[in-house]
Amino acid sequence: MDDKVLAIVAGEEVTEKDLDDFMENVPKEQQAYRTNPQFRQQCLEQLIALRMFTKLGEEEKLDETEEFKKIMEGARKDILAQMMISMTIKDIGVADEEAERYYESNKAQFAKGETVRAKHILTDTQEKCEEILSALENGEKTFEDAAKEYSTCPSGQRGGDLGEFGKGQMVPEFEKAAFGGEAGKVIGPVKTSFGYHLIKVEGKSEAKETPYEDVKESIKATLLQQKQNTAYNAKVKELKEKYVQKQ
């Protein structure tokens with residue numbers, strides 16, 4: 001229960017709710033451990049220590065010092081400012097219709113270009129590349145086994161697999177050969193600045209539009225940020241006219 005008393009420090013109760021509230025502020029990477037009994041105990045010890053230092057500070061009358069008052073005034077101003085900023089933007093939202101209009105007006109932004117899935121074997125010389133190609137054509141080795149045995153690229157350990165890539169991600173000579181190649185066929189030798197390649201095209205995907213539903217939430221988040229920034233900047237301009245004395 002939230003009101004379960006976990007400790008009493010200088011006559012004040014530390015409850016389960018106090019501990020839960022305290023744990024809300026632990027680093028994000030530690031949030032997953034919030035239900036772990038050992039971690040909760042560690043946090044409880046930290047909370048108790050803070051309460052004890054607070055009590056000691058009160059006994060030493062630190063809250064009556066000018067330094068304390070200055071810090072509290074700064075905190076008061078910061079809190080008020082954050083509350084007013086939140087009030088300025090709290091009623092701003094993005095309707096589905098707005099997001100859909102943005103999508104329709106910016107379809108090119110959400111288009112997925114043509115892609116290729118390919119594997120390759122990289123060698124230092126054209127002669128070595130041609131030897132490997134001959135072995136592939138004779139059925140002596142599979143492309144994947146040859147990649148593991150001969151390729152000087154780290155992808156060789158994955159059978160030469162480069163995954164899926166679009167235009168602009170590979171050097172021009174390699175890109176031209178891969179996009180121009182036929183699925184299932186081995187192309188090469190292809191010379192690039194890295195050496196000589198044999199390329200096996202696994203498949204191709206034509207350029208296509210990303211469906212609206214796939215990007216709807218990201219569009220709404222972007223538009224919301226834009227609208228909030230606009231409202232914030234407008235409020236800043238208004239407040240400058242009201243509060244800032246012209247020099």
> Can you tell if the side chain of Glu16 reaches within under 4.5 Å of the side chain of Leu6, non-hydrogen atoms only?
Replying inline: yes

> If you measure from CD on Glu149 to OG1 on Thr142, what distance do you get to the nearest 0.5 Å?
Replying inline: 10.0 Å

>> Do the side chains of Lys107 and Glu104 get close enough for a salt bridge, i.e. N-O under 4.0 angstrom?
In response: yes

> Below 4.5 Å, heavy atoms only, C-beta onward: do Val9 and Lys55 meet side chain to side chain?
Replying inline: no

>> Please say yes or no: joined through hydrophobic side-chain contacts below 4.5 Å, possibly via intermediate residues, are Phe194 and Val186 part of one cluster?
In response: no

> Atom NZ of Lys69 and atom CD of Glu64: how far apart are they, to the nearest 0.5 Å?
Replying inline: 7.5 Å

> Between Lys4 and Asp18, does a salt bridge (Lys or Arg N to Asp or Glu O under 4.0 Å) hold up when you go through it step by step?
Replying inline: CA-CA 10 Å; Lys4 178 182 178 183; Asp18 292 330; over 6 Å; no

> Is there side-chain contact between Leu224 and Gln228, with heavy atoms separated by less than 4.5 Å?
Replying inline: yes

>> So that I can tick it off, tell me whether Asp161 and Lys200 are bridged by a salt bridge, with the cut-off set at under 4.0 angstrom between side-chain N and carboxylate O.
In response: no

>> Can you tell me how far apart CD (Glu100) and OH (Tyr212) are? Round to the nearest 0.5 Å.
In response: 5.0 Å

>> To the closest 0.5 Å, what do you measure between CD (Glu130) and OH (Tyr196)?
In response: 9.5 Å

>> Could you tell me if Glu45 and Gln41 have a donor-acceptor pair between their side chains, going purely by distance under 3.5 Å?
In response: yes

>> If hydrophobic clusters are built by linking Ile, Leu, Val, Met, Phe, Trp and Tyr wherever their side-chain heavy atoms come under 4.5 Å apart, do Phe39 and Leu19 end up in the same one?
In response: yes

>> With side-chain contact (heavy atoms from CB on, under 4.5 Å) as the criterion, how do Lys240 and Val236 come out once you've worked through the C-alpha distance, each side chain's angles and the decisive distance to 0.1 Å?
In response: CA-CA 6 Å; Lys240 278 185 176 180; Val236 167; 4.0 Å; yes

> Are Leu56 and Met52 grouped together when hydrophobic residues (ILVMFWY) are joined by side-chain heavy atoms under 4.5 angstrom apart?
Replying inline: no

> Is the backbone N or O of Glu140 less than 3.5 Å from a side-chain atom of Asn138, with the two atoms forming a donor-acceptor pair by type?
Replying inline: no

> Quick one: do the Asp78 and Gln82 side chains pair a donor with an acceptor below 3.5 Å?
Replying inline: no

> Is the closest basic N to carboxylate O distance between Glu73 and Arg76 below 4.0 Å?
Replying inline: yes

> Of the non-hydrogen atoms in Thr192 and His197, which two are nearest, and what is the gap between them?
Replying inline: OG1-NE2, 2.7 Å

>> Could you tell me if the side chain of Gln126 sits less than 4.5 Å from the side chain of Lys191, heavy atoms only?
In response: no

>> Against Leu198, only a single residue in Leu122, Val190, Thr123, Ile132 fulfils side-chain contact (heavy atoms from CB on, under 4.5 Å); can you say which?
In response: Ile132

> Is the shortest distance from a Lys or Arg side-chain nitrogen in Lys246 or Glu241 to a carboxylate oxygen in the other one below 4.0 Å?
Replying inline: yes

> Taking the side chain from Lys204 and the backbone from Phe179, do they hold a donor-acceptor pair closer than 3.5 Å?
Replying inline: yes

>> Are Tyr232 and Thr88 packed together at the side-chain level, in the sense that at least one heavy-atom pair is separated by less than 4.5 angstrom?
In response: no

>> Test your reading of the model: is there a side-chain donor-acceptor pair from Asn106 to the backbone of Gln109, 3.5 Å cut-off?
In response: no

>> I need the minimum non-hydrogen distance between His120 and Cys153, along with the two atoms involved.
In response: NE2-SG, 3.4 Å

> Does atom CZ of Phe110 have more than 12 heavy-atom neighbours, drawn from other residues, nucleotides or ligands, at distances under 6.0 Å?
Replying inline: yes

> Between Ser205 and Arg117, what is the shortest heavy-atom contact and its length?
Replying inline: OG-NH1, 4.5 Å

> Do you know the tightest heavy-atom contact between Tyr102 and Leu223?
Replying inline: CD1-CD2, 3.8 Å

> Would you say Tyr150 and Phe143 are hydrophobically clustered, going by side-chain heavy atoms of ILVMFWY under 4.5 Å?
Replying inline: yes

>> For the backbone of Val26 and the side chain of Gln31, can you confirm whether one donor and one acceptor N or O come within less than 3.5 Å of each other?
In response: yes

> In Å, rounded to the nearest 0.5 Å, how long is the span from CD of Glu58 to OG1 of Thr54?
Replying inline: 7.0 Å

>> Please determine whether a side-chain nitrogen of the Lys or Arg among Glu24 and Arg34 lies less than 4.0 Å from a carboxylate oxygen of the Asp or Glu.
In response: yes

Please list every donor-acceptor pair under 3.5 Å in which a side-chain atom of residues 164-173 meets a protein atom from a residue at least two apart or in another chain.
{"from": "Glu164", "atom 1": "OE2", "to": "Thr115", "atom 2": "OG1", "distance (Å)": "2.5"}
{"from": "Gln169", "atom 1": "OE1", "to": "Gly166", "atom 2": "N", "distance (Å)": "2.5"}

> Ala99 and Lys220: which non-hydrogen atoms are nearest, and at how many Å?
Replying inline: CB-CG, 3.6 Å

>> Quick check for you: to the nearest 0.5 Å, what is the distance between Ile121 atom CD1 and Glu144 atom CD?
In response: 8.5 Å

>> To check you understand the geometry: which heavy-atom pair defines the closest contact between Gly159 and Lys119, and what is its length?
In response: O-CD, 3.7 Å

> So among Thr15, Asp21, Asp20, which one has a side chain to side chain donor-acceptor pair (under 3.5 Å) with Lys17?
Replying inline: Asp21

>> Under 4.5 Å between side-chain heavy atoms, counting indirect links through other Ile/Leu/Val/Met/Phe/Trp/Tyr residues: same cluster for Met84 and Ile92 or not?
In response: no

> Do Met87 and Met83 touch side chain to side chain, with heavy atoms closer than 4.5 Å?
Replying inline: no

